[in-house]
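Chain A is the first sequence line, chain B the second, and so forth, proteins listed ahead of strands; every chain is numbered from 1.
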There are 2 protein chains.
Amino acid sequence: MAREAGVSKATASRALQRPDMVAEATRQRVQEAAERLGFQPNAAARALTTGRTGLMGLIVPTLSNPFFAPLVIGAQQAAEDTESHLLIAVSEYDAEREAALADRLSEQADGLIMVTPVGSDAALRERGRRRPLVLVDRQVGRLPAVVADTVAGLAELLDHLLALGHRDIAYVSGPAGSWADEQRRAMLTARASDAGARIHVLGPLPPTFDAGIEASAALPDAATAALAYNSYLALGLLHGLGVAGRRVPEDISLAAADDLSTLSATTPPVTALDVPLQAVGTLAVTRLHELITGHRRTVTSRLPAAPVLRASTAPPRSL
Amino acid sequence: MAREAGVSKATASRALQRPDMVAEATRQRVQEAAERLGFQPNAAARALTTGRTGLMGLIVPTLSNPFFAPLVIGAQQAAEDTESHLLIAVSEYDAEREAALADRLSEQADGLIMVTPVGSDAALRERGRRRPLVLVDRQVGRLPAVVADTVAGLAELLDHLLALGHRDIAYVSGPAGSWADEQRRAMLTARASDAGARIHVLGPLPPTFDAGIEASAALPDAATAALAYNSYLALGLLHGLGVAGRRVPEDISLAAADDLSTLSATTPPVTALDVPLQAVGTLAVTRLHELITGHRRTVTSRLPAAPVLRASTAPPRSL
DNA sequence: TTGTATGCGTTATCAC
DNA sequence: GTGATAACGCATACAA
């Protein structure tokens, strides 16, 4: 130990952790001794006494979908601000796998952030009881959560289509069992019906380009607009429609419920929902930090998602 | 502690860690007691005695560029196989920041994987001396490294262009100070010259879509083909050329030195280099694990990058 | 302001 | 096969 500085380890520890609890002169000596020896504090030992590892676990369903990159980036930034690091794991949309990962991460981290579209409410509740837990894009009871309000955003998007005159709108839905997808479906159906319009649900479908192509052939004839669960489905739809000779937006309008950057570079650019995922990531880490330090009881935060209107949506032909 | 099972903690520990060193009956009792109490081993305490945290640090320059996603995914998978977790941090291409992150991660992790296009050789050498370190896409002395052989792949790509008949080829280069970029430039210039052709270097440029657009206007008149440092530059070039009324590949051929998925969905699809980044990530973790467990002295592994020929490359007009 | 002593939860050593 | 017991390296309560 750095009693190269000629002090007790207690003083050394203080000099590095609580510089103000020690005489300036000794602080300097310790500092220098530490440098000279290339002293590296042992995180494990510190964690053992303090009960804090300074690590936060982050479980995402996948990293293949660039959709999640901003979330990780945002979380990363906030983690830095709280002097902690991120332990990232990937569940592959598998509830069992996710549970195993969460268990293992719990041993190492001070708390967990989970974006878990699958996975049972009960399991999450139980997990939240044991250790600090923040959910992302999902609400379970009174568990702390940060959600991007895609439902409200989607409502705006729907309103936009309705205002354009669309009355038969296809919703190309996402993976089976997705919590978010169910919320959206319910909202769309109800809201459309209130406005005297109809939602034609296709799916559930895997949220992929190929599934979008297939869906493009299955769109009901009546539909003058299609709303896709995500960008990949939208890109597939665009491609499929193009191949089939149906023009967007002349023959059919198209919009997506999330907004990967490619959507703005297609022909035509696709109307989409800007989901503030980076902010979600940042906020989730902040919340978890509050939870860990016990600074505050936190509940659900809701970040608005806003439609980005592009050239792929226009009034239906019949008008 | 789980002496709910009526055994000493020593036995309890053994029952859970070395099941074969304990009588089957007691193993069961301990097991059950652990379940009942929801016992969670404390990773910090274990790390303190064993000297292993089971964590690996991974520092990437950015996560905004989907280029790195496969790397993380590959690393993730391999980490799972070695029973370890990944601590991921982002350097933002900032050497100073990177150094700070590396220092902090070193305290927590058993070793580090760094993909560091910037950052000085000397600093990396020193770091490699202190703790297990694996470099990605970079070689520094005899430090263990895993590199995707984009230089060799690019040579193939160049050969392809030469075989098509191109003699004046623009290389739209990447960020200033990039290790990989320099390697490429040198190879291209030398190899082209050997074949009686010329490389026109544009840049250094930020590896972005917008920079690609600008570069498209700056291409030398003589150039019948352009090779871009990465997909974003290639997409920008494609866009810029399209706007300017120059057709790809009729007027000019285009290729990229990496291969984001969008390149295959453009019009025309863009010839590119398939960089096996996922395999790189996997191998890097495997190497680091070997290093940590001392199973093997490892040096540089080189994974081949192969050209994917698409419609954006064709013989030059003049032929 | 500084030093001494204790404990964090686990594994390793050495008896039994 | 099992049980005491001593580390591991740090932070703190308490004493000086």
Nearest nucleotide by nearest heavy atom, which residue falls closer to the 5' end of DNA chain C, B/Pro41 or B/Arg14?
B/Pro41
What nucleotide, of D/dA11, C/dT10, D/dG3, holds the atom closest to the side chain of B/Ser8?
D/dG3
Rounded to the nearest Å, what distance is computed from the CZ atom of residue A/Arg52 to the P atom of nucleotide C/dG9?
15 Å
For D/dG3, does OP1 or OP2 lie under 4.0 Å from any side-chain N or O of B/Thr11?
yes
Using modelled atom types only, decide if a donor and an acceptor are shared between the side chain of B/Ser13 and the backbone of B/Lys9 within a distance under 3.5 Å.
no
Using only side-chain N and O atoms of A/Gln17, determine if any of them is under 4.0 Å from OP1 or OP2 of D/dA11.
yes
For atom CG of B/Asn42 and atom P of C/dC8, their distance in whole Å:
12 Å
Relative orientation of the end axes in the helix from C/dT1-D/dA16 to C/dC16-D/dG1, expressed as an angle to the nearest 10° (five pairs per end):
30°
Specify the separation, in whole Å, of atom CG of A/Leu37 and atom P of D/dG9.
14 Å
For the side chain of A/Ala45, starting at C-beta, report the closest nucleotide among D/dG9, C/dT1, D/dA4.
D/dG9
Considering just the side-chain nitrogens and oxygens of A/Arg18, establish if one lies under 4.0 Å of OP1 or OP2 belonging to D/dT12.
yes
I want to check one thing: is the phosphate of D/dA11, taken as OP1 and OP2, less than 4.0 Å away from some side-chain N or O of A/Ser13?
yes
To the nearest Å, how far apart are B/Gln28 CD and D/dT2 C1'?
18 Å
With a 4.0 Å cutoff (strictly under), does any side-chain N or O of A/Thr49 reach OP1 or OP2 of D/dA11?
no
